[in-house]
Participant: 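The structure that follows is given in the form of structure tokens.
Note that these values count all heavy atoms, side chains included, but never hydrogens, waters or copies made by symmetry. Lettering follows sequence order; numbering is per chain, from 1. Keep in mind that what you see is a predicted model, and the values were worked out from it rather than measured.
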Amino acid sequence: MEVNLSKIQKIRGFQDIYGEEAKKYRYVVDTFRKVFEFYNFKEIILPYVEDISLFKRSVGEATDIVQKEMYVFTDKGGREVALRPEGTASCVRAYIEEKMYAEGGYHKLFYEGAMFRYERPQAGRYRQFHQIGAEIFGVSSVLADAELISMVDNVLKKLKINYKLEINSLGDFQSRKSYTQNLVNYLKKYENQLCETCQKRIELNPLRVLDCKVPTCKEITKEAPKITEFLSEESQKRFLQLKEYLKALNVDFIENPRLVRGLDYYTDTVFEFITEEIGAQGTVAAGGRYDNLVEQLGGPPTPALGFAAGIERLMLLVKDLPKEKPLITVIPITPDYNIQSIQLSNKLRNINLKSETMLKEGSLKSMLKTADKLKSDFVVFVSDKYELKDMASGQQEIFYTQEDLIEALKDKI
RNA sequence: GAGGGUGUAGCUCAGUAGGCAGAGCACGAGGUUGUGGCCCUCGGGGUCGCGGGUUCAAGUCCCGUCAUCCUCCCCA
């Protein structure tokens, strides 16, 4: 078998992120991390591979994620494992496994990294994609819901992107159950008018029918019972309070009674930050409360909530990146000045100036051209003197000592 | 899983009716023997995504396949 190395390419739905894109990635992530820090969230670094049943039991056996999108394999020890398709499940598992509940108080955690879902790639969707998210364990107060949503709102504002926030309440387990029953009864009356997928949804995931884009389905669900009518008194109170807190925090939101989320574990608060600027995959961040999940996965009853943001989708919306430090490129006029040049570069770096030594040898003309390609803001020609060139204006100044040169540079930067 | 668009130089793309593989930009050298961007000259670069078929002859027509983009489904 002949193998042509030149033809190896990245596999479908995976990507190399480099250059400007890598900067955007870093910018999005760093913006979140800074805000997390001020909200006193602590980082948790989670495994990429988990026992497959973790996702079956949390995300939901019936969901598409579990049914058809997981990267599953058997390891050499015969374990059925999966590349994580989302972060909350692992985070909950860790919370229980590390017995964080025993430490008292409550826990605010954040994570970041790759997730894997075997789907057809399209705009803003990859098979390996990246999320950054946060979870709060051990708090039932609506204050937590409000602060979490407001925190995401803050980050998106810092990133200067256009979005809208939709919120809804799915109610507690009981109200969700009685609502679902009512909805199913209603939908059954119109079953043969619904689209094919919605007909299946009646059994599998009736709430999702509310989200259907098919016009006839929309028409039918318009008159359907609304979840808000089925909320328990407690859930209603919570939802009212959430809205009050959000207003107090100057967070603009839209109430969307049709908003349901795809994952099984949500209770009460759900929210979605949506944009219309990146095509069909408009959700950039989403989350909600999941008060039963910790217990479901074998931990003590623990109220919890969280969110996750799609880094690639946010990258599509980020327009301008923060300004970078100006670049000073040091060019030895002949190889005789190589040593002086590398020493000068080092000196500049040690005083926190960004410096590049011209590593490509050639005519002075070609070196200067390369310096231009590297987007140098300044060039220093090193000979028996130092000539500082401002690349934008083309003006040059001569210095006879490195000290004088550095003083002049400091003034300009 | 279903539907549609696109694969020709590093990049963006042209390639008419099947008849020698092209342009612009980028890259390299020179014009300017110590100075980038503008201009001029010259130059290096291609398994035309891959495999098969039709034909005297295929980038062009046919079949398959892979990749990519977009849409549905679903999700961040």
Side-chain angles (χ1 to χ4, degrees), chain A residues 4 6-15 28 59-60 62-70 84-88 112-133 152 163 195-198 200-201 204-205 208 211-214 260-263 271-275 278-288 306-317 329 331-334 337 358 360 362-385 387-396 398:
Chain A
N4 190 343
S6 68
K7 272 188 182 159
I8 292 179
Q9 48 188 339
K10 59 186 178 290
I11 61 177
R12 175 163 227 194
F14 288 68
Q15 44 170 349
V28 169
V59 176
T63 60
D64 277 24
I65 292 179
V66 168
Q67 290 269 307
K68 49 183 201 190
E69 295 173 4
M70 280 206 292
R84 60 178 188 187
E86 60 114 42
T88 300
E112 175 218 325
M115 306 293 163
F116 301 85
R117 289 183 202 173
Y118 193 90
E119 298 180 88
R120 264 301 228 285
Q122 76 191 64
R125 175 196 283 174
Y126 303 90
R127 288 183 175 177
Q128 179 186 324
F129 61 104
H130 300 82
Q131 287 189 336
I132 184 159
V152 179
Y163 63 90
C195 73
E196 251 179 73
T197 39
C198 279
K200 284 181 205 151
R201 282 172 178 150
L204 282 169
N205 193 351
R208 280 225 71 92
D211 240 8
C212 189
K213 284 159 200 152
V214 177
V260 297
R261 313 243 44 260
L263 287 68
F271 58 89
E272 227 169 278
F273 289 85
I274 300 165
T275 175
I278 53 174
Q281 314 303 320
T283 304
V284 294
F307 86 95
I311 297 172
E312 282 86 354
R313 289 184 188 173
L314 290 169
M315 284 163 64
L316 290 169
L317 295 167
T329 297
I331 300 182
I333 230 154
T334 70
Y337 299 100
M358 177 50 59
K360 204 170 162 184
S363 66
L364 198 61
K365 176 175 172 158
S366 74
M367 287 193 290
L368 189 58
K369 206 170 175 176
T370 302
D372 195 38
K373 291 281 170 222
L374 293 170
K375 298 195 173 72
S376 309
D377 298 284
F378 297 95
V379 161
V380 179
F381 296 105
V382 178
S383 60
D384 52 356
K385 54 189 181 291
E387 280 161 282
L388 175 63
K389 185 185 184 85
D390 180 327
M391 291 296 273
S393 68
Q395 295 203 333
Q396 295 194 188
I398 296 175

Participant: List in chain and number order the residues that pass side chain to side chain donor-acceptor pair (under 3.5 Å) with A:E387, two or more places apart in sequence or in another chain; answer none if no residue qualifies.
Facilitator: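 Per chain and number, A:E387 pairs via side chain to side chain donor-acceptor pair (under 3.5 Å) with no residue.
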
Participant: Are the side chain of A:R313 and the backbone N or O of A:G124 linked by a donor-acceptor pair below 3.5 Å?
Facilitator: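 Yes, A:R313 side chain to A:G124 backbone: donor-acceptor pair under 3.5 Å.
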
Participant: When the C1' atoms of B:G24 and B:U8 are considered, how many whole Å apart are they?
Facilitator: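 Rounded to whole Å, the distance is 15 Å.
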
Participant: In whole angstrom, give me the gap between the P atoms of B:G10 and B:G49.
Facilitator: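 So the two P atoms sit 13 Å from each other.
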
Participant: Expressed in whole Å, how much space separates the C1' atoms belonging to B:A9 and B:A14?
Facilitator: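 It works out to 13 Å between them.
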
Participant: Roughly how many Å apart are B:C50 and B:G44, using the C1' atom of each and rounding to a whole number?
Facilitator: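 Result for the C1' pair: 27 Å, nearest Å.
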
Participant: Quick one: what's the B/S/- string for nucleotides 32-37 of chain B, heavy-atom cutoff under 4.0 Å, read 5' to 3'?
Facilitator: --BBBB

Participant: Measure the distance from CD on A:Q15 to C1' on B:A67 and round it to the nearest whole Å.
Facilitator: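 After rounding, the reported distance stands at 15 Å.
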
Participant: Partners of A:E119 by side-chain contact (heavy atoms from CB on, under 4.5 Å), sequence neighbours excluded?
Facilitator: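 Testing A:E119 for side-chain contact (heavy atoms from CB on, under 4.5 Å), a comparison that skips the adjacent residues, returns A:E69, A:R117, A:R125.
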
Participant: Could you tell me the separation between the CD atom of A:E119 and the P atom of B:G3, rounded to a whole number of Å?
Facilitator: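 Computing the A:E119:CD to B:G3:P distance gives 18 Å.
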
Participant: Determine the Euclidean distance between corresponding C1' atoms of B:A21 and B:G59; express it in Å to zero decimal places.
Facilitator: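 It works out to 8 Å between them.
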
Participant: Output the rounded distance in Å from CD1 (A:I65) to C1' (B:A76).
Facilitator: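 Checked: the CD1 to C1' distance equals 9 Å.
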
Participant: Hey, does A:G282 reach any base, or is it just sugar-phosphate, or nothing, if we go heavy atoms under 4.0 Å?
Facilitator: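 No contact.
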
Participant: Rounded to whole Å, please give me the gap between CG in A:L317 and P in B:A76.
Facilitator: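 About 16 Å, once rounded to whole Å.
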
Participant: Students often get this wrong, so: under 4.0 angstrom with heavy atoms, is A:A286 touching a base, only sugar-phosphate, or nothing?
Facilitator: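 Here A:A286 touches the backbone only, sparing every base.
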
Participant: Just how far, in rounded Å, is P of B:A76 from CD1 of A:I274?
Facilitator: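 From A:I274 CD1 to B:A76 P: 12 Å.
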
Participant: Please tell me whether A:E112 and A:H130 have a donor and an acceptor in their side chains that are separated by less than 3.5 angstrom.
Facilitator: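 Distance-only check fails for A:E112 and A:H130.
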
Participant: Could I get the full list of side-chain contact (heavy atoms from CB on, under 4.5 Å) partners for A:K360, not counting sequence neighbours?
Facilitator: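 Residues passing side-chain contact (heavy atoms from CB on, under 4.5 Å) with A:K360: A:M358, A:T370.
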
Participant: Holding to side chain to side chain donor-acceptor pair (under 3.5 Å), I want the full list of residues that pass it with A:Q67, two or more places apart in sequence or in another chain.
Facilitator: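 Once residues adjacent in sequence are excluded, A:Q67 has no partner under the side chain to side chain donor-acceptor pair (under 3.5 Å) criterion.
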
Participant: Using atom P in both nucleotides, what's the gap between B:G18 and B:A57 to the nearest angstrom?
Facilitator: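 So the two P atoms sit 16 Å from each other.
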
Participant: Applying side chain to side chain donor-acceptor pair (under 3.5 Å), name anything that partners A:Y163, two or more places apart in sequence or on another chain.
Facilitator: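 Expected list: A:D153.
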
Participant: Please measure how far the P atom in B:G51 lies from the corresponding atom in B:U60, and state the result in whole Å.
Facilitator: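 Looking at atom P only, B:G51 and B:U60 are 13 Å apart.
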
Participant: Can I get a per-line list of side-chain donor-acceptor pairs under 3.5 Å for residues 375-382 of chain A, giving both atom names and the distance, sequence neighbours left out?
Facilitator:
from	atom 1	to	atom 2	distance (Å)
A:S376	OG	A:T329	OG1	2.6
A:S376	OG	A:A371	O	2.6
A:D377	OD2	A:L327	N	2.7

Participant: When the C1' atoms of B:C20 and B:U71 are considered, how many whole Å apart are they?
Facilitator: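 Approximately 42 Å lies between the C1' atom of B:C20 and that of B:U71.
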
Participant: Got a sec, which residues hit side-chain contact (heavy atoms from CB on, under 4.5 Å) with A:R12, two or more places apart in sequence or on another chain?
Facilitator: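 Scan of A:R12 (side-chain contact (heavy atoms from CB on, under 4.5 Å), adjacent residues dropped) gives A:R120, A:P121, A:R127.
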
Participant: Could you list all N or O pairs between the protein and nucleotides 70-72 of chain B that sit under 3.5 Å apart?
Facilitator:
from	atom 1	to	atom 2	distance (Å)
B:C70	OP2	A:A123	N	2.6
B:U71	OP1	A:A280	N	3.2
B:U71	OP2	A:Q122	NE2	3.1

Participant: What is the minimum heavy-atom distance between A:Q128 and A:A114, and which atoms define it?
Facilitator: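 Heavy atoms only, the tightest pair is NE2-CB, 3.4 Å.
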
Participant: Pick the nucleotide of RNA chain B nearest each of A:Q131 and A:I11; which residue has the one closer to the 5' end?
Facilitator: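 That would be A:I11.
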
Participant: How would you list, by chain and number, every residue that makes a ring-ring contact (aromatic ring centres under 6.0 Å, His included) with A:F14, sequence neighbours excluded?
Facilitator: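 A:F14 satisfies ring-ring contact (aromatic ring centres under 6.0 Å, His included) with no residue once adjacent residues are dropped.
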
Participant: Please identify each residue that fulfils side-chain contact (heavy atoms from CB on, under 4.5 Å) with A:A286, with sequence neighbours left out.
Facilitator: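 A:A286 satisfies side-chain contact (heavy atoms from CB on, under 4.5 Å) with A:R261, A:E272, A:T283 only.
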
Participant: Hey, where does RNA chain B pair up into stems, meaning at least three consecutive Watson-Crick or G-U pairs with distances under 3.5 Å?
Facilitator: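 Ordered by first number, the stems with RNA chain B (at least 3 consecutive pairs each) read B:1-7 with B:66-72, B:10-13 with B:22-25, B:27-31 with B:39-43, B:49-53 with B:61-65.
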
